[in-house]
There are 2 protein chains.
Amino acid sequence: MSDCEHAKIEKIEVADSELCERAAAIFRALGDPNRLKLLCLLSKKELCVSELTQILADNVPAVSQRLKLLKLERLVKQRRQGKHIFYRLADAHIQLLIENGLAHGSEPTTDSNEE
Amino acid sequence: MSDCEHAKIEKIEVADSELCERAAAIFRALGDPNRLKLLCLLSKKELCVSELTQILADNVPAVSQRLKLLKLERLVKQRRQGKHIFYRLADAHIQLLIENGLAHGSEPTTDSNEE
DNA sequence: AAAACACTCAATCAAGTGATTGAATGATGT
DNA sequence: ACATCATTCAATCACTTGATTGAGTGTTTT
């Protein structure tokens with residue numbers, strides 16, 4: 001710990017813990033390249049598991065398992081149509097989050113002023 | 001794999017892989033409640049390790065280690081002033097991402113229309 | 001220069017995560 | 001009803017991650 005006296009620390013409220021938990025869970029779900037690619041594709045078009053599998057050149061259970069997690073975190077919704085189950089983003093907020101994340105990721109590594 | 005023929009699949013471009021990796025790394029860093037709380041605090045005010053430790057009622061090495069990871073992912077920057085090392089968010093994009101994430105996390109669990 | 005303070009580093013260890021495989025479910029066509 | 005196709009489930013296993021502890025680095029004060 002520390003000895004130093006920091007003035008007015010009481011004034012800074014620590015953020016709502018439950019909210020942070022929930023938000024972190026969403027970020028965690030977005031924090032895997034494979035899942036993020038899935039979401040990127042779904043942000044353009046509703047797609048079924050076999051389509052996603054084909055596009056990503058992956059295997060079906062892997063894709064399905066990732067979608068399951070994304071569904072659990074309410075980032076995607078599903079809709080059955082005959083033999084196929086189509087997935088799409090849950091809402092516009094998710095889309096925005098993904099866009100912002102990708103936008104930041106593509107920034108020129110802001111090493112302008114300091115360390 | 002699958003037998004079914006999905007038309008026009010070629011037309012859907014898979015997102016840039018490196019970009020997804022980078023964006024996912026950012027999301028992953030945001031995807032932990034402890035780190036997210038740190039960032040929330042830093043989004044309000046530049047703070048040093050001992051202040052953060054005190055506010056979060058945690059121990060110094062734990063906080064320091066989290067900040068190290070956040071620095072590695074370029075989400076925060078640091079500045080030394082005497083004995084203290086002050087941390088702040090790296091840029092406005094990060095702030096936006098955090099705000100969006102928290103905003104979505106606080107949504108009323110959109111269970112309106114479908115499963 | 002020695003002591004005190006703020007912080008980081010390094011190593012260990014427990015717990016969580018994701019890939020993979022084969023089996024199960026659910027819908028359609030014959 | 002049976003076979004087939006699309007998807008999910010379940011279980012194992014390797015790998016990663018984060019907490020914790022004690023030692024180390026850099027800065028100020030006396």
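A, B, ... follow the sequence lines: proteins, then strands. Residue 1 opens every chain.
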### Task
Measure from the side-chain heavy atoms of A:K83 and tell me the nearest of C:dT17, D:dC5, D:dT8.
D:dC5

### Task
Before accepting this row, confirm whether a basic side-chain N of the pair B:D58/B:R66 lies closer than 4.0 Å to the acidic partner's carboxylate O.
yes

### Task
Tell me whether the OP1 or OP2 atom of D:dT8 has a side-chain N or O from A:Q78 closer than 4.0 Å.
yes

### Summary
Of B:D32 and B:Q81, the one whose nearest nucleotide on DNA chain D sits closer to the 5' end is B:D32

### Task
Please determine if a side-chain N or O atom of B:R66 lies less than 4.0 Å away from the OP1 or OP2 oxygen of D:dA19.
yes

### Query
Rounded to whole angstroms, how far apart are CG on A:L67 and P on D:dA6?
16 Å

### Message
Assuming nearest nucleotide by heavy-atom distance, tell me which of B:R80 and B:Q65 is located more 5' along DNA chain C.
### Response
B:R80

### Message
Using a strict threshold of under 4.0 Å (side-chain N to carboxylate O), is an ion pair present between B:R28 and B:E73?
### Response
no

### D:dT7 phosphate, OP1 or OP2, under 4.0 Å from A:H84 side-chain N/O
yes

## Note on the structure
CG (B:L19) and NE2 (A:H104) are apart, to the nearest 0.5 Å, by 11.5 Å

### Message
If you compare every side-chain N and O of B:S50 against the phosphate oxygens of C:dC7 (OP1, OP2), does one of them come in below 4.0 Å?
### Response
yes

### Query
For C:dT8, does OP1 or OP2 lie under 4.0 Å from any side-chain N or O of B:Y87?
yes

### Query
C:dT20 phosphate, OP1 or OP2: any side-chain N/O from A:N59 under 4.0 angstrom?
yes

### Task
For the side chain of A:K68, starting at C-beta, report the closest nucleotide among D:dC9, C:dT20, C:dT8.
D:dC9

### Query
Ignoring hydrogens and geometry, is there a side-chain-to-backbone donor-acceptor pair from B:R35 to B:L30 under 3.5 Å?
no

### Query
According to a strict under-4.0 Å criterion, is A:R35 in side-chain N/O contact with OP1 or OP2 of C:dG18?
yes

